[in-house]
K.L.:
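So that we are looking at the same thing, I have put the structure below in structure tokens.
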Amino acid sequence: MIWNPQYECQGAEERRLLQLARLKNLVETLYSRVPFYKAKLDSAGVHPRDVKSLADIAKLPFTVKDDLRETYPYGLLACPQAEIEEVHMSSGTTGVPVVDAYTRFDIECWEEGMARTLSGAGATRHDTVQVAYGYGLFTGGLGAHYGAKRVGATVIPMSSGNTPKQLMVMRDFGTTVIACTPSYALFLAEEAKESGLDPKSLKLRAGCFGAEPWSENMRKQIEAAWGIDAYDIYGLTEITGPGVAFECECKDGMHVSEDLFYPEIIDPESGRPLPDGEKGELVFTTLVKEGTPLLRYRTRDVTFITRGTCACGRTTAKIHRLFGRTDDMLIIRGVNVFPSQIEHALIEIEGTDPNYLIVLDRGESHLDEVELQVEVKKELFTDETRSLESLRNKIEAVMKSKLGIQLKVKLVEPKTIERSIGKAKRVIDRRKI
Ligand code: DLL
């Protein structure tokens with residue numbers, strides 16, 4: 001089902017004109033209202049009047065995650081703070097969060113993007129949508145919630161976790177569409193079977209899965225385990241959260257809501273725009289956002305763009321399933337984690353050396369398991385085991401509060417972790433996805 005044919009099936013020329021008008025307006029707004037952007041544009045030697053065609057976007061400066069970190073919390077606001085209705089955040093590289101501040105209009109656009117996403121998976125007002133993405137600062141829960149309400153479906157705001165209850169509700173309320181991370185969808189299916197509930201006997205028929213990397217193989221597994229259609233959905237906090245791009249029934253790339261977000265692919269080394277079909281770093285410009293609009297935001301996600309009319313009837317550009325990232329950001333149980341955050345947290349804990357190794361695995365449970373190996377001072381090993389135990393607990397607690405994930409800490413003696421000659425190897429990722 002196509003939620004908004006006017007924009008999703010728009011002719012190419014008409015869309016380009018709309019995008020250009022919106023881009024001009026955006027650059028003018030940023031120049032006059034956001035000192036950070038005025039300085040950036042000035043130092044790049046570009047003025048809003050230099051934007052005469054869409055191709056001129058290549059003259060404009062990029063925005064990177066560090067810019068968001070440095071302007072935390074409200075340095076990028078393009079409207080009075082009184083107009084901000086809601087804020088969301090995700091992790092930044094050093095633990096300073098990345099903020100998205102939404103006006104009423106921004107929330108409406110978010111609802112619109114998510115209504116298109118859910119409609120792509122066939123959801124209508126006759127559906128019951130169980131939202132099992134986390135609610136809170138993370139954009140997954142509320143984003144899916146708003147979209148499900150917009151399509152008029154019955155929403156069950158479960159949030160993440162509490163698996164037995166998820167299954168009970170799914171069965172008792174006849175959930176037809178689920179929104180959660182793909183790894184949790186597999187975990188839920190296993191747990192259902194374990195508890196004697198056949199996932200295929202339920203009314204579930206579709207799922208909107210994203211927020212972490214997954215594969216065609218995982219899609220097959222999820223579809224087979226539940227007897228459903230599994231759709232890939234994409235978004236990021238900085239741009240709006242989920243609702244930026246989504247799959248239709250063709251399951252062949254994700255349609256970008258191009259009237260709201262202008263996508264580009266660039267060479268991550270040179271920053272040069274790449275033609276359609278070539279793999280590179282995905283960059284987004286928000287075309288209508290009021291709260292925290294962003295110019296050419298480098299997502300660090302790697303994919304390519306294709307264009308043309310899809311068999312579903314949509315004419316919007318599609319991005320291929322993500323290939324990975326250009327930085328070292330890990331997504332652990334849907335939570336973004338930078339190894340540097342772990343390092344920053346460890347420095348503050350007495351008794352530890354800044355030598356650590358993150359070992360990631362996805363066990364039988366299909367959920368991410370993390371072991372953090374930390375070298376500790378020699379004296380501690382000669383001390384009573386009680387002090388080791390309390391240090392271990394302390395690190396686990398600090399990591400839980402700073403990163404938002406539970407990891408297993410293993411304390412090791414100095415020089416146990418292999419040293420590399422070049423860039424230190426901090427992560428061993430054994431997850432097979
Ligand atoms: O993960 C927003 C979201 C919520 C998307 C629910 C989809 C569903 P962040 O926490 O800011 O926002 O993380 C954004 O997650 O840059 C990608 O690296 C990764 N990511 C998101 N969707 C996908 C996907 C949300 N479908 C970061 N496939 C992005 C692979 C994804 N990676």
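Note that the coordinates shown come from a computational prediction; the quantities given were computed from them, not determined experimentally. When a ligand or atom number is given, it counts from 1 through the structure's own listing order.
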K.L.:
I need the contact type for T181 against ligand 1. Using non-hydrogen atoms and a strict under-4.0 Å cut-off, is it side chain, backbone, both or neither?
P.N.:
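None of T181 does.
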K.L.:
Give me the nearest non-hydrogen protein atom to atom 19 (C) of ligand 1 as residue plus atom name, then the distance to 0.1 Å.
P.N.:
I331 CD1, 3.3 Å
K.L.:
For atom 27 (C) of ligand 1, grab the closest protein heavy atom and report residue, atom and distance to one decimal in Å.
P.N.:
M329 CE, 4.0 Å
K.L.:
Nearest protein heavy-atom contact for atom 13 (O) of ligand 1: which residue, which atom, what distance?
P.N.:
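Ranked first by proximity to atom 13 (O) of ligand 1 is N336 ND2, 3.1 Å.
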K.L.:
Would you indicate whether F173, at its atom CZ, is surrounded by more than 12 heavy atoms from other residues, nucleotides or ligands within a distance under 6.0 Å?
P.N.:
no
K.L.:
With no hydrogens and no angle check, just 3.5 Å: does a side-chain donor-acceptor pair link Y37 and T63?
P.N.:
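Y37 vs T63: donor-acceptor pair found between side chains.
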K.L.:
Just checking E364: does its CD atom have more than 12 heavy atoms from other residues, nucleotides or ligands closer to it than 6.0 angstrom?
P.N.:
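No, not enclosed.
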K.L.:
Could you tell me how the ring of W110 sits relative to the ring of Y102: parallel (under 30°), tilted (30 to 60°) or perpendicular (over 60°)?
P.N.:
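Ring orientation of W110 relative to Y102: parallel.
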K.L.:
Heavy-atom distances under 4.0 Å are what count here, so tell me which part of D301 touches ligand 1: side chain, backbone, both or neither.
P.N.:
side chain
K.L.:
Identify, by atom number and element, the atoms of ligand 1 in contact range of S90, meaning under 4.0 Å from any of its heavy atoms.
P.N.:
11 (O)
K.L.:
Could you check atom 25 (C) of ligand 1 against the protein and tell me its nearest heavy-atom contact, residue, atom and distance included?
P.N.:
G235 O, 3.6 Å
K.L.:
Any side-chain donor-acceptor pair under 3.5 Å between D259 and Q10?
P.N.:
no
K.L.:
Closer than 4.0 Å to some heavy atom of D232 - which atoms of ligand 1 meet that?
P.N.:
24 (C), 26 (N)
K.L.:
Do other residues, nucleotides or ligands put more than 12 heavy atoms under 6.0 Å from K410 NZ?
P.N.:
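No, NZ of K410 has 12 or fewer neighbouring heavy atoms, counting only those of other groups under 6.0 Å.
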K.L.:
Does any N or O atom in Y234 lie less than 3.5 angstrom from one in ligand 1, N or O only?
P.N.:
no
K.L.:
Passes salt bridge (charged side-chain N to carboxylate O under 4.0 Å, His left out), K24 versus E28? Steps please.
P.N.:
CA-CA 6 Å; K24 284 182 174 176; E28 268 159 28; over 6 Å; no
K.L.:
Which residue and non-hydrogen atom of the protein lie closest to atom 11 (O) of ligand 1, and at what distance in Å?
P.N.:
T237 OG1, 2.5 Å
K.L.:
Taking N or O atoms only and a 3.5 Å limit, does I233 qualify as a polar contact for ligand 1?
P.N.:
yes
K.L.:
Give the contacting part of L236 toward ligand 1: side chain, backbone, both or neither, where contact means a heavy-atom distance below 4.0 Å.
P.N.:
both
K.L.:
Can you sort out which atoms of ligand 1 are near G140, meaning under 4.0 Å from one of its heavy atoms?
P.N.:
4 (C), 6 (C)
K.L.:
Side chain, backbone, both or neither: which part of R325 comes within less than 4.0 Å of ligand 1 when only heavy atoms are counted?
P.N.:
side chain
K.L.:
Could you identify the single nearest non-hydrogen protein atom to atom 8 (C) of ligand 1 and state the distance to 0.1 Å?
P.N.:
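The answer is Y133 OH, 3.4 Å.
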K.L.:
Counting neighbours of NZ on K203 that are heavy atoms of other residues, nucleotides or ligands and sit closer than 6.0 Å, is the number greater than 12?
P.N.:
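Atom NZ in K203 is not crowded, with 12 or fewer foreign heavy atoms closer than 6.0 Å.
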K.L.:
Please list the nearest protein heavy atom to atom 30 (C) of ligand 1 with its residue and the distance rounded to 0.1 Å.
P.N.:
E212 O, 3.3 Å
K.L.:
Does any N or O of ligand 1 fall below 3.5 Å from an N or O anywhere on A211, backbone included?
P.N.:
yes
K.L.:
Please check if the side chain of D327 supplies one atom and the backbone of R300 the other of a donor-acceptor pair under 3.5 Å.
P.N.:
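Here the side-chain-to-backbone pair does not exist.
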K.L.:
What heavy-atom pair brings P339 and D328 nearest, and what distance separates the two atoms?
P.N.:
CD-O, 3.4 Å
K.L.:
T176 and side chain to side chain donor-acceptor pair (under 3.5 Å): which single residue from T128, T154, D127 fits?
P.N.:
D127
